[in-house]
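Along the sequence shown, residues carry numbers from 1.
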Amino acid sequence: MRLPDARYSPLALSIAALATGAQGRHTEALAAYDALLPDFGRIFGAEHLQTLKLRSDRAQTLAALDRHAENEAECAAVARAAARGTGREMSLLEGAARNGQIYALNAQGRHPEAETLAREALAAHPVSDRLTLVLRLGLARSLNGQARHEEALAEAERADELRRSMSEEQRRPETGAVELAAVTALLGLSRGTEARPRAAAAHDACLAAFGPDHYRTTEARELLDRIDGA
């Protein structure tokens, strides 16, 4: 009888780890990724697409656990390794890792660095797709963090135009993200009356899509509380 390919089991376990993280069980997911990394390195190689993708998924879990410095370092390492590879998938993985790095920089309050990296990543990826959408949102967040709210609102509007051109399946992972960037900019411009209905819509959408404990639902709730408390 033919034995199963040794690669199938770790790949299946990596999908299980991804599903665990999607349920908000981030500590469990991180432990699963940590256990899988040696196997992926041994079976596929340190710079194989599958190994780098596993590391990228693990980095997102670090972000969910607010371990932003570690997330930044890991995303930067994955992006450098992916840049040495070839093919469209490696290029997309590099862009995704750069996006994770931008998120981590913004989360640490290092907004000018995040802006520079976002602009570089956008210039290197002149295609209108989901990666462009998330990079534009990272840029908008960096601009809001520097109190450059007019520019941030313009970026949010560009991101919204791009989002509207996508399918529902492509849009779903970024549910509420465009609205939150726009609401933050509007509040910075003292346009709270415009901001509130968009914040409420973002909260309802995130609650339905992700549940009450997701970081984006929490951010929408905090913005609503900020508006109502003003």
Side-chain angles (χ1 to χ4, degrees), residues 21 26-27 29-30 33 52-53 55-84 91-126 130-160 162 173-174 176-190 195 199 202 206 210 214-223 225-226:
H26 303 299
T27 301
L30 183 61
Y33 286 130
L52 294 177
K53 184 183 181 304
R55 290 177 63 185
S56 180
D57 292 341
R58 178 181 178 275
Q60 291 186 44
T61 304
L62 290 171
L65 292 169
D66 294 328
R67 291 165 61 173
H68 299 300
E70 294 172 73
N71 177 34
E72 177 198 351
E74 183 67 343
C75 285
V78 170
R80 287 193 299 270
R84 293 191 289 269
S91 179
L92 289 174
L93 181 60
E94 179 189 0
R98 290 297 180 205
N99 180 62
Q101 191 179 358
I102 292 160
Y103 181 89
L105 288 168
N106 276 322
Q108 294 173 84
R110 292 157 59 191
H111 303 298
E113 293 175 69
E115 178 190 358
T116 297
L117 192 58
R119 293 192 186 280
E120 290 174 353
L122 282 165
H125 187 73
R130 183 171 170 263
L131 177 57
T132 303
L133 173 62
V134 296
L135 289 171
R136 287 210 175 280
L137 290 171
L139 177 57
R141 187 179 290 268
S142 75
L143 293 168
N144 272 325
Q146 296 174 76
R148 291 160 55 187
H149 301 300
E150 288 280 8
E151 295 173 74
L153 185 58
E155 283 300 332
E157 289 170 349
R158 291 187 189 99
D160 191 33
L162 177 56
E174 307 315 316
V178 172
E179 289 78 9
L180 293 178
V183 167
T184 303
L186 288 168
L187 286 177
L189 295 168
S190 300
C206 291
F210 307 125
H214 192 273
Y215 71 91
R216 210 175 285 159
T217 310
T218 301
E219 183 178 352
R221 182 72 256 170
E222 289 172 350
L223 285 170
D225 290 345
R226 178 179 161 191

Checklist entry - Side chains of Asp57 and Gln60: closer than 4.5 Å at any heavy-atom pair? => result yes
Next on the checklist: Counting only heavy atoms not in Arg98 (residues, nucleotides, ligands), do more than 12 fall under 6.0 Å from its CZ?
Outcome noted: yes
Next on the checklist: Taking Ser142's backbone N and O only, do any of them form a donor-acceptor pair with Gln146's side chain (distance below 3.5 Å, no angle check)?
Outcome noted: yes
Checklist entry - Once you round to the nearest 0.5 Å, how far does CZ of Arg80 lie from SG of Cys75? => result 11.0 Å
Checklist outcome for this item: Here the gap from Thr116 atom OG1 to His111 atom NE2, rounded to the nearest 0.5 Å, amounts to 13.0 Å
Checklist outcome for this item: In short, Ala96 meets Leu131 closest at the heavy-atom pair N-CD1, 3.9 Å
Checklist entry - Does the side-chain contact (heavy atoms from CB on, under 4.5 Å) test come out yes or no for His125 and Leu92, once each step is laid out? => result CA-CA 9 Å; His125 187 73; Leu92 289 174; 3.9 Å; yes
Next on the checklist: Give me the atom names and distance for the closest heavy-atom approach of Pro126 to Ala123.
Outcome noted: CD-O, 4.0 Å
Checklist entry - Taking 4.0 angstrom as the limit, do Arg119 and Glu115 come out as a salt bridge? => result yes
Checklist entry - Which heavy atom in Arg216 sits nearest to a heavy atom in Pro173, and how many Å separate them? => result NH1-O, 2.9 Å
Next on the checklist: Quick check for you: to the nearest 0.5 Å, what is the distance between Leu162 atom CG and Glu157 atom CD?
Outcome noted: 14.0 Å
Checklist entry - Do you know which two heavy atoms are closest between Ala159 and Leu137, and how far apart they sit? => result CB-CD2, 4.0 Å
Checklist entry - So Glu94 and Arg84, side-chain contact (heavy atoms from CB on, under 4.5 Å) or not? Walk me through it. => result CA-CA 10 Å; Glu94 179 189 0; Arg84 293 191 289 269; over 6 Å; no
Next on the checklist: Ignoring hydrogens, what is the shortest heavy-atom contact between Asn106 and Ala114? Give both atom names and the distance.
Outcome noted: OD1-CB, 3.3 Å
Checklist entry - To the nearest 0.5 Å, what is the distance between CG (Leu52) and CZ (Arg58)? => result 13.5 Å
Item to check | Pairwise distance NE2(His68) to CG(Leu62) - rounded to 0.5 angstrom | outcome: 10.0 Å
Next on the checklist: Just to verify, what does Thr132 make a side-chain hydrogen bond (donor to acceptor under 3.5 Å, both in side chains) with, not counting sequence neighbours?
Outcome noted: Asp129
Item to check | Glu72 and Arg110 ion-paired at < 4.0 Å | outcome: yes
Please tabulate, for the side chains in residues 179-186, all donor-acceptor contacts under 3.5 angstrom to protein atoms that are two or more places apart in sequence or on a different chain.
unit_1 : atom_1 : unit_2 : atom_2 : d
Glu179 : OE1    : Arg163 : NH1    : 3.2
Glu179 : OE2    : Arg163 : NH1    : 2.9
Glu179 : OE2    : Arg163 : NH2    : 3.0
Thr184 : OG1    : Leu180 : O      : 2.8

Next on the checklist: Can you give me the closest heavy-atom contact between Asn71 and Ala104, atom names plus distance?
Outcome noted: ND2-CB, 3.6 Å
Item to check | His26 and Leu30: CA distance, side-chain angles, deciding distance, side-chain contact (heavy atoms from CB on, under 4.5 Å) verdict | outcome: CA-CA 6 Å; His26 303 299; Leu30 183 61; over 6 Å; no
Item to check | For His214, all residues meeting ring pair (Phe, Tyr, Trp, His ring centres under 6.0 Å), sequence neighbours excluded | outcome: Phe210
Checklist entry - Does Glu155 come within less than 4.0 Å of Arg158, counting only side-chain N to carboxylate O? => result yes
Checklist entry - Are Leu117 and Glu113 close enough, and set up right, to give a side-chain contact (heavy atoms from CB on, under 4.5 Å), and what steps lead you there? => result CA-CA 6 Å; Leu117 192 58; Glu113 293 175 69; over 6 Å; no
Checklist entry - Atom CZ in Arg55, atom NZ in Lys53: separation rounded to 0.5 Å? => result 14.0 Å
Checklist entry - Are the side chains of Arg136 and Val178 in touch, meaning some heavy atoms are under 4.5 Å apart? => result no
Checklist entry - Are any non-hydrogen side-chain atoms of Cys206 and Glu219 less than 4.5 angstrom apart? => result no
